[in-house]
There are 2 protein chains.
Amino acid sequence: MTEFDTVVTSADKVFTSLRKEIVEGDVGAGAKLSEAELSTKYGVSRAVVREAINRLVSINIVERKANVGARVVSLTLQGLVELYQVREALEGMAARLAAQNMTDLEVKALQSLIDSHSDKVVDGQRYYQEAGDVDFHYQIAKGSHNQYLFYMLTNSIYHLVRMYRVQLGMAGPRVSTAYAEHKHIVQAIGNRDQELAEMLMRRHILYSRNNIERKLEESQ
Amino acid sequence: MTEFDTVVTSADKVFTSLRKEIVEGDVGAGAKLSEAELSTKYGVSRAVVREAINRLVSINIVERKANVGARVVSLTLQGLVELYQVREALEGMAARLAAQNMTDLEVKALQSLIDSHSDKVVDGQRYYQEAGDVDFHYQIAKGSHNQYLFYMLTNSIYHLVRMYRVQLGMAGPRVSTAYAEHKHIVQAIGNRDQELAEMLMRRHILYSRNNIERKLEESQ
DNA sequence: AGGTCTAGTATTGTCGACAATAAAAATCCA
DNA sequence: TGGATTTTTATTGTCGACAATACTAGACCT
């Protein structure tokens, strides 16, 4: 009766569940994914586990070697750098397109989002929760009005980014300064300044990368 | 005995074959992919066809609806624009990174490539073959020394781009001016000018988009 | 006749079993 | 004893059959 009741197959469920476990670190980086094992764990046939794993491969969270098996990707400095370079390119474009294509209503929603999420104020500085950061980037990706771009960011890149952040224990260090950066980006978008919006977003991601990079280096 | 004899499974073969047929237009845009039909055609079980189709989905060449089936994506102006926006972002970054990371040897190879591929000279202008364009972009993607970025471009985006070009009959119009643009990009990379390399590459792709966009509009 | 409901059909989703491959263990030979 | 070779074992790749779902066509009601 509902208009868009998206059909969910069991492979979908296993895929979503596994993705969460991997991203949240319950299944560690580099861990092996045994088809037989998982099929008993989830109470489904190997075929659906296989399909779920293949989808994890397609979003670059898992690697598979023929006749050998699938492993969760391992976190490396090189991998982190590459990921953030791609992210910088794509989110920079997203910000540019958001400045161009967002409706006035969407801009307003973005502004109120950023205000509402600056909850805690300590020492005169506003502190973010991570959820705020996620929502912010999500809305801009959506505001690009580019489905393809939105799809790439939300289905693959954000999960990989979160995997790095979670497993390196980035609970919320840099979040204080992130707020100011977010605010400037929103201003640029509000002014329909595509050039500036892209530039600020790229800087923002670069800073974020430097921060997490430091963490990764000291943990090795 | 060979060092890297990559194992090829039958799903790989079906995937590669289907991808070619789709990109080259032998299987038209919007066409339905019946699992049963394809399994008899290729002489394999439905399972391997299914896996191949799933991989085509992950490349964004095919769409699948649960319990309904898979169809080749249809070519639309909107889709083209979105694709080229993503491409502009990624290849711009690739050019920037190439300027930063390519070895002197790689730069040399790129320069000689561009010279060798300017075969035909008509009316004092050099004309490209399409293969030259492909090789050019491929080498820059590789020269970024970013595996992740390289993977995205060569496994998904380039195929989609080619699909649009082939099915719209872009044999080789704009190729004359493309040569000059390529040459400038190579110069910027040779000078290790990241900023300029990125900017020129983005322009180059923008021009290319305008060209193909015109073609799509008049064909509808 | 128009629309709704029902039965039939075709296609996809899921399953368990078998075949093929690769890693591990055991054997053989210098 | 050390290293290559064979055998074993465990895991993935492939298959055909069955179950579940969505589209189609027909019956039924008002």
Side-chain angles (χ1 to χ4, degrees), chain A residues 1-19 21-22 27-74 155, chain B residues 1-19 21-22 27-74 155:
Chain A
M1 189 54 65
T2 54
E3 188 69 37
F4 281 106
D5 47 351
T6 314
V7 180
V8 176
T9 173
S10 29
D12 284 328
K13 292 185 212 155
V14 175
F15 165 71
T16 304
S17 177
L18 265 179
R19 185 183 61 190
E21 291 188 55
I22 292 172
V27 177
K32 170 122 202 261
L33 297 181
S34 160
E35 296 182 359
E37 194 178 321
L38 291 172
S39 81
T40 63
K41 171 177 176 183
Y42 284 99
V44 295
S45 87
R46 258 187 61 220
V48 351
V49 170
R50 249 183 99 75
E51 178 169 336
I53 289 180
N54 281 335
R55 287 175 57 184
L56 292 171
V57 171
S58 79
I59 64 172
N60 303 297
I61 285 184
V62 167
E63 290 170 332
R64 150 168 274 161
K65 257 199 330 196
N67 291 309
V68 174
R71 311 193 83 90
V72 177
V73 297
S74 43
N155 281 283
Chain B
M1 190 54 65
T2 55
E3 189 67 38
F4 280 107
D5 46 351
T6 314
V7 181
V8 175
T9 173
S10 31
D12 284 328
K13 292 185 213 159
V14 175
F15 165 71
T16 304
S17 177
L18 266 179
R19 184 183 61 191
E21 290 188 55
I22 292 172
V27 177
K32 170 122 202 262
L33 298 181
S34 160
E35 296 182 358
E37 193 177 322
L38 291 172
S39 79
T40 62
K41 171 176 175 182
Y42 284 98
V44 295
S45 87
R46 258 187 61 220
V48 351
V49 170
R50 251 184 97 75
E51 178 169 337
I53 289 180
N54 281 336
R55 287 175 59 183
L56 292 172
V57 171
S58 77
I59 302 294
N60 302 297
I61 286 184
V62 166
E63 291 170 331
R64 147 168 279 160
K65 260 200 325 197
N67 291 308
V68 174
R71 308 195 86 88
V72 177
V73 297
S74 44
N155 280 284

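Below, read A as the first sequence line, B as the second, and so on, with proteins coming before strands; counting in each chain starts at 1.
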Rounded to the nearest 0.5 angstrom, the CZ-CG distance for Arg19(A) and Asn155(A) is 7.0 Å
Looking at CZ of Arg50(A) and OG of Ser39(A), how far apart are the two atoms once the value is rounded to the nearest 0.5 Å? 12.0 Å
Arg71(B) (side chain) donor-acceptor with Gly30(B) (main chain) under 3.5 angstrom: yes
Please give, in whole Å, the distance from dG13(D) P to Phe15(B) CZ? 16 Å
Assuming nearest nucleotide by heavy-atom distance, tell me which of Lys65(A) and Lys65(B) is located more 5' along DNA chain C. Lys65(B)
Report the distance from atom CG of Asn54(A) to atom P of dT12(D), rounded to the nearest whole Å. 12 Å
Nearest-Å distance, CZ (Arg71(A)) to P (dA23(C))? 11 Å
Side-chain heavy atoms of Val57(B) within contact of Arg55(A), under 4.5 Å: no
Choosing from dA22(C), dT14(D), dA22(D), which nucleotide comes nearest the side chain of Val68(A)? dA22(C)
Contact list (N/O, under 3.5 angstrom) for nucleotides 16-21 of chain C vs protein:
{"unit_1": "dT21(C)", "atom_1": "O3'", "unit_2": "Asn67(A)", "atom_2": "ND2", "d": "3.4"}

On the nucleotide dT12(D), are OP1 or OP2 found under 4.0 Å from the side-chain N or O atoms that Lys32(A) carries? yes
Rounded to whole Å, the CZ-P distance (Arg50(A) to dT14(D)) equals 7 Å
Within the distance-only criterion (no hydrogens, no angle test), does the side chain of Asp12(A) pair as donor or acceptor with the backbone N or O of Thr9(A) below 3.5 angstrom? yes
Dot-bracket for DNA chain C, 5' to 3', with Watson-Crick and G-U pairs under 3.5 Å, [ ] for crossing pairs and | for other-strand pairs: what is it? ||||||||||||||||||||||||||||||
Counting heavy atoms from C-beta on, name the nucleotide in dT12(C), dT11(D), dC15(C) closest to the side chain of Glu35(B). dT12(C)
Using whole Å, what does the distance between atom C1' of nucleotide dT12(C) and atom CZ of Arg64(B) come to? 8 Å
What is the nucleic acid contact for Ile53(A), judged by heavy atoms within less than 4.0 Å: base, sugar-phosphate only, or nothing? nothing
So, is Thr9(A) near the phosphate of dT14(C), with a side-chain N or O under 4.0 Å from OP1 or OP2? yes
Looking at Val62(A), Ile22(A), Leu38(A), which hits side chain to side chain contact (heavy atoms under 4.5 Å, CB included) with Val27(A)? Ile22(A)
Quick one: pull up OG in Ser45(A) and CD in Glu51(A) and give me the separation to the nearest 0.5 Å. 9.5 Å
I'd like to check Lys13(A) versus Val44(A) (side-chain heavy atoms, cut-off strictly below 4.5 Å). Are they in contact? no
Tell me: NZ of Lys13(B) to P of dG13(D), nearest whole Å? 14 Å
Under 4.0 Å between a side-chain nitrogen and a carboxylate oxygen: does that hold for Lys32(A) and Glu37(A)? no
